[in-house]
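To start, the structure under review is shown below, and the notes come after it.
Keep in mind that the numbers below use all heavy atoms, side chains included, and drop hydrogens, waters and symmetry copies.
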Amino acid sequence: MTLNAAEEETIEAIKKWWDENGKQLMVAVILVVGGYGGWSLWQNSESEASEIASDLYEEILELSIAEAGESPTQDDRNEIVRIATELMGSHSDSVYAQYSALFAAQQHVIDGDLDSAERALSWVIENPQTGIFSGEDQGLVLTVTLRLARIVLSKGEAERALGLVNNVIPGPFEAGYSELRGDIYSALGRNVDARESYLAAQQAGSASEILQLKLSELPNDN
């Protein structure tokens, strides 16, 4: 078949384009295909890592189960801390690691080791991501900060505890934060501020009998 001039020019243009860009195009195709394979491999790896982290976290949950009013045995508490440490080290970008740190802190508190409890909770705040494409779990951060401030107050560091609670916007956790702020002010001898904080906790929805007792026992001086 005889080609007309326009067709010949088109074919020559294609040949020229291929000579200039063909190699780059093939490289791009290889990269795309290779990238897809790498992406699939990464997804499979992430899925496997998530399953391992999930299994470890399930072990923590099983070890944490005890009779009503009782705590896990010392051996179980030690194992909870060991598994949590493994999760925090090998699966630090997993939400399972973050929640396991809360369990570890709980065991440390039971054992009276407030320094270790503080380190576990601080780790959560310092590692807020719950996965490579996930955002910060603000509810978890607020919960952890509240617990951390309580531990710091229990260590006798009221000013540092106050800095922690005043450094966040508590949102739906306002009642808990206001009550703790009252505890801190009470420890600092700032009774007026403590009363205002306790009342703020009540206004935020707390109907705790313990909170009411704190209010009734609070001195009326400054």
(request) Starting from I110, walk the hydrophobic network (Ile, Leu, Val, Met, Phe, Trp, Tyr; side-chain heavy atoms closer than 4.5 Å) and list everyone else you reach, by chain and number. (result) none

(request) Any chance you could pull the hydrophobic cluster mates of Y185, using side-chain heavy atoms under 4.5 angstrom and chaining through other members? (result) L142, L146, L153, L162, V165, V168, F173, Y177, L180, I184, L188

pair [X]-[Y]: side-chain heavy atoms closer than 4.5 Å:
X	Y	answer
S186	L218	yes
V141	T145	yes
Q107	D76	no
I83	S100	no
L140	L102	yes
R82	N78	no
L63	P72	no

Per the salt bridge (Lys or Arg N to Asp or Glu O under 4.0 Å) rule, what does the pair list look like for [range], sequence neighbours excluded?
range	value
residues 161-179	E179-K214
residues 192-211	R190-D193
residues 105-114	R77-D111

(request) Kindly assign one of parallel, tilted or perpendicular to the pair Y96 and Y57, based on the angle between their ring planes and the thresholds 30° and 60°. (result)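 Tilted: the ring planes of Y96 and Y57 meet at 30° to 60°.
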
(message) Just by distance, no angles: are the side chains of S116 and R119 close enough, under 3.5 Å, to form a donor-acceptor pair?
(response)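 Note: S116 and R119 side chains meet the donor-acceptor criterion.
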
Do you know which two heavy atoms are closest between [X] and [Y], and how far apart they sit?
X	Y	answer
G182	A194	O-CB, 3.4 Å
S154	L114	CB-CD1, 3.9 Å
A117	I151	CB-CD1, 3.6 Å
A149	A161	O-CB, 3.6 Å
M88	A97	CG-O, 3.8 Å

(message) Heavy-atom count check: over 12 atoms from other residues, nucleotides or ligands less than 6.0 Å from L213 CG?
(response)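 Correct, the count exceeds 12.
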
(request) Answer with yes or no whether the hydrophobic clustering places V81 together with L148; edges join I, L, V, M, F, W, Y residues whose side-chain heavy atoms lie under 4.5 Å apart. (result)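 Different clusters.
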
(request) Give the cluster check for V192 versus Y198: same hydrophobic cluster or not, with ILVMFWY residues linked at side-chain heavy-atom distances below 4.5 Å. (result)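 Each belongs to a different hydrophobic cluster.
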
(request) Would you please name every residue forming a side-chain hydrogen bond (donor to acceptor under 3.5 Å, both in side chains) with D115, sequence neighbours left out? (result) K155

